[in-house]
Amino acid sequence: MASHQIFLFGLLSLSFSLVLATDNNPIFDFCVADPKAPPTTSGAVCKDPKTVDENDFFFSGLNKPGNTSNAVGSKVTLLNALQIPGLNSLGISFARIDFQPGGVNPLHLHPRASEILTVIQGTLEVGFVTSSPEYRLFTKVLQRGDVFVFPAALIHYQKNPTEVPAVAYVSLNSQNPGSTQIANVVFGSTPKINPDILTKVFQLDKNVVSHGQQLF
Ligand SMILES: *[C@@H]1O[C@H](CO)[C@@H](O)[C@H](O)[C@H]1NC(C)=O
């Protein structure tokens, strides 16, 4: 191959892999989700543009704290194309995360999105871990105004290490980032994973495994 052909081939395979990793690029100015139509692999069916108005691109109420009265002391309020129909086909979503003192947004991953977070109030200890074989932990304590990135599909968490509440806003580059909670996968699947398997994999006492399975 001539060098310009190799360059073109490289460019094509690069753009192909980028397209696979994120939502499809839009081909209309907008494609506001039709709530009555079933979802497709590239989002929802567009409703008639003549029936679209500004409220399709609008949400009110993200100033209200989420209810953090739960076992982990945090609450994610996610705005995806279900809450804002005009997000459909645009490849983005947004969330507010509230933390009570000591609250944790547990280890999880987004199968379809990278995430960028900014602290609006308080302090957060955040981290993500890379994949095999390094399993390297990147962790940092963030203050108000600090920004941190969690690469797509990597397991990550946030914790409020202080005695006062904390709030973060995040953006994700998918209209439907998905969320896989590690503890729910391990202990809370339906039906439950055979406890003998979890006992061996995590090298835990069998009582600890059955306790974990009862909690979820
Ligand atoms: C918050 O959630 C808890 C537990 O589900 C519930 O008991 C409580 O009423 C909720 N508080 C508000 C203000 O909704």
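Note that this is a predicted model, so its numbers are computed, not measured. As the structure lists them, so they are numbered: ligands from 1, and atoms in each ligand from 1.
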- Query: For atom 5 (O) of ligand 1, which protein heavy atom lies nearest, and how many Å away is it?
  - Reply: Ser69 O, 4.3 Å
- Item | disulfide (SG to SG under 2.5 Å) contacts touching residues 51-150 (sequence neighbours left out) | none
- Item | Set of ring pair (Phe, Tyr, Trp, His ring centres under 6.0 Å) partners for Phe202, sequence neighbours left out | none
- Query: Under 3.5 Å, is there a donor-acceptor pair between the Ser179 and Gln181 side chains?
  - Reply: yes
- Task: Answer yes if the ring centres of Phe150 and Phe148 are under 6.0 angstrom apart, and no otherwise.
- Result: yes
- Looking only at protein heavy atoms, identify the closest one to atom 11 (N) of ligand 1 and say how far it is in Å. Asn67 ND2, 2.9 Å
- Could you tell me whether atom 7 (O) of ligand 1 has at least one protein heavy atom nearer than 4.0 Å? no
